[in-house]
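It should be emphasised that the depicted structure is a prediction, and the values quoted were computed from it without experimental measurement. Below, chain A is the first sequence line, B the second, and so on; all start at residue 1.
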Amino acid sequence: MENQLQIYNTLSRQKEVFEPIHPGKVGLYVCGPTVYGKAHLGHARPAVTFDLLFRYLKHLGYKVRYVRNITDVGHLANDADEGEDKIAKKARLDELEPMEVVQIYTNDYHKNMEKLNVLPPSIEPRATGHIIEQIDAVEKILKSGYAYESKGSVYFDVEKYAKNFPYGELSGRKIEDLQANTRDLDGQDEKHSPLDFAIWKKASPEHIMRWPSRWSDGFPGWHMECTAMSCKYLGETFDIHGGGMDLTFPHHEAEIAQSKAAFGHDSVHYWMHNNMITLNGQKMGKSLGNAISLDDFFDGNHTLLEKAYSPMTIRFFMLTAQYRSTLDFSNEALQAAEKGMDRLLKAVETLEKLDAKTESTVNIAELKDKCYAAMNDDLNSPIAIAHLFDGVKMINSIADGKASISVDDLEALKSLYSTFVFEIFGLKKPEAESSANTAAYEKAIDLLLQLRMEAKANKDWATADKIRDELANLGFVVKDTKDGFSWELK
RNA sequence: GGUCGGUUGGCCGAGCGGCUAGGCAGCGGUCUGCAAAACCGCGUACGGCGGUUCGAAUCCGCCACCGACCUCCA
């Protein structure tokens with residue numbers, strides 16, 4: 001079992017061996033952002049989580065079609081079905097065209113994802129680009145009898161559906177509980193039941209984002225886009241659907257209901273949900289007003305941030321927790337992640353310079369097995385990283401001459417680290433600038449340190465220390481090595 | 001109120017019945033002209049109270065506290 005990928009399926013509430021519908025191929029759909037604000041730390045969690053899954057599946061040899069949508073219509077700001085569209089609201093506040101808002105924040109999201117080294121998905125469909133498909137899905141549901149038209153809107157008939165299908169199976173809710181706990185909302189008169197949700201909504205006169213349909217000029221309900229677009233690009237049945245835990249209910253539950261009503265069967269084999277980022281133990285969210293944007297993290301411009309944190313620090317930080325656990329943000333935790341990652345990446349550099357001996361005193365095969373076993377156990381990246389740190393000790397010991405490694409093992413170790421650190425975990429070394437300018441200045445620093453070496457050879461400690469101290473004042477860290485020196489900026 | 005989840009050493013985080021991760025911080029040592037880095041060693045934590053068991057952080061019960069979802073949220 002250990003050598004097969006197992007993933008936790010929210011639907012069954014247990015880990016299951018992953019078996020794709022079509023051998024060698026995986027269809028993956030993940031709910032992307034609603035683009036009405038800057039990308040924040042919370043957005044990075046599912047992005048990094050499913051990027052890890054995407055990368056790992058590809059590493060295992062699967063051909064993966066990864067679809068991650070952009071929600072640019074249908075997401076209402078207030079009480080269900082009655083509020084203003086989030087995009088339209090932002091557009092009104094900023095005096096922009098709705099599509100301008102969408103473009104600005106889609107660009108922002110893309111820019112930040114690229115910084116985080118999150119691979120672009122295979123297809124990134126927009127809800128507004130799939131109105132026809134959504135209308136078509138609404139028609140299918142109407143035809144199957146699980147929806148009804150009311151005053152130009154179309155609602156999903158939850159109670160009727162619940163008679164034939166287990167509504168609430170994903171989120172663990174019972175229809176009776178939902179009925180008992182429904183809030184009193186205004187404007188529910190169009191619906192047969194408060195549990196019903198809009199799959200097509202008639203636009204009020206002032207509503208800008210609208211499309212014609214046989215029911216009304218209107219717009220699709222939020223849950224429709226994922227049903228329509230996943231079906232279009234991955235088929236009526238596909239392998240994995242992912243998203244944040246906060247989407248489990250009602251969004252994903254509604255998707256399941258829509259698919260079953262439209263197609264007569266389940267669409268998704270494995271439901272995966274990442275947990276939340278917390279701030280002082282509370283969920284970080286845009287609507288809670290405690291979200292810190294990724295831009296802020298990258299340049300340290302926020303009262304809660306002691307310093308700037310690089311995108312790779314954020315990425316590594318997320319990988320040090322298993323995706324189904326909450327992860328609590330703090331400066332201390334982030335700085336620990338930063339230093340830890342630095343140690344890991346330094347060891348990778350050291351690894352490149354290692355000399356092989358005839359015999360190994362280290363067990364590389366075992367290390368490798370452990371890393372894969374951890375990843376196969378529902379993407380347990382923190383365990384895999386722990387093993388990688390065991391390897392860091394090996395590497396440094398070998399560099400210190402306290403352990404030795406054979407030629408074959410050295411190749412295996414290099415391959416292991418390049419696979420896990422870069423290919424699967426998607427970490428990057430800090431960009432080495434290679435312009436003519438930097439080459440010249442690097443040589444100048446080297447020259448200074450050569451002079452320091454000479455001073456040291458002459459036991460002229462005053463001069464040696466002066467060079468080191470002055471460079472330190474400029475932000476250079478100088479270290480003596482066995483046969484020379486090394487330095488880095490900042 | 002309902003449903004689900006959590007409570008692990010200074011901090012972050014694994015663990016899912018015995019072999020007591022890992023990182024960061026800290027302490028001691030080795031190396032070094034000094035420093036840094038690196039290496040070696042150290043710290044025995046699992047909310048409380050009971051129970052099951054030869055044995056529990058891990059299973060069961062009760063209690064306490066925290067959180068998520070139930071309305072938009074990644």
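RNA chain B is contacted by Ser325(A), Thr326(A), Leu327(A), Asp328(A) of residues 323-330 of chain A, taking any non-hydrogen atom closer than 4.0 Å. Applying a 4.0 Å cut-off to non-hydrogen atoms, the residues of residues 464-475 of chain A that approach RNA chain B are Asp465(A), Arg468(A), listed by residue number.
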In a table with atom names and distances, give each donor-acceptor pair under 3.5 Å that connects a side chain of residues 242-256 of chain A to protein atoms at least two apart or in another chain.
from	atom 1	to	atom 2	distance (Å)
Asp246(A)	OD2	Lys283(A)	NZ	3.3
Thr248(A)	OG1	Met245(A)	O	2.7
His251(A)	ND1	His223(A)	ND1	2.9
His251(A)	NE2	Glu255(A)	OE2	3.1
His252(A)	ND1	Glu255(A)	OE2	3.3
Glu253(A)	OE1	Leu170(A)	N	3.4
Glu253(A)	OE1	Ser171(A)	N	2.8
Glu253(A)	OE1	Ser171(A)	OG	2.6
Glu253(A)	OE2	Gly168(A)	N	3.1
Glu253(A)	OE2	Glu169(A)	N	3.2
Glu253(A)	OE2	Leu170(A)	N	3.2
Glu255(A)	OE1	His241(A)	ND1	3.4

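Relative to the side chain of Leu178(A), the nucleotides rC70(B), rC34(B), rA37(B) differ in distance, and rC70(B) lies closest.
Using a 4.0 Å heavy-atom cutoff across all strands shown, Gln322(A) reaches sugar-phosphate atoms only and no base atom. Within the 4.0 angstrom heavy-atom criterion, no nucleotide atom of any strand lies near His251(A).
For the P atoms, the distance linking rG15(B) with rA21(B) amounts to 13 Å, nearest Å. Using P as the reference atom, rA74(B) and rA68(B) are 15 Å apart when rounded to the nearest Å.
Legend: residues meeting salt bridge (Lys or Arg N to Asp or Glu O under 4.0 Å) with Glu349(A), ordered by chain and number and at least two apart, are absent.
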Inset, instruction - Map every base of RNA chain B to its dot-bracket character, where paired means a Watson-Crick or G-U wobble contact with both distances under 3.5 Å and | marks a partner outside the strand. - result: ((((((((.[[[..)..(...]]].(((((.......)))))....[[[[[..)....]]]]])))))))....
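Applying the 4.0 Å criterion to OP1 and OP2 of rC69(B), one finds that Lys283(A) has a side-chain N or O inside that range.
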Between the protein and nucleotides 17-23 of chain B, are there any N/O to N/O pairs under 3.5 Å, and if so, what are the atom names and distances?
from	atom 1	to	atom 2	distance (Å)
rG23(B)	OP1	Arg343(A)	NH2	3.2

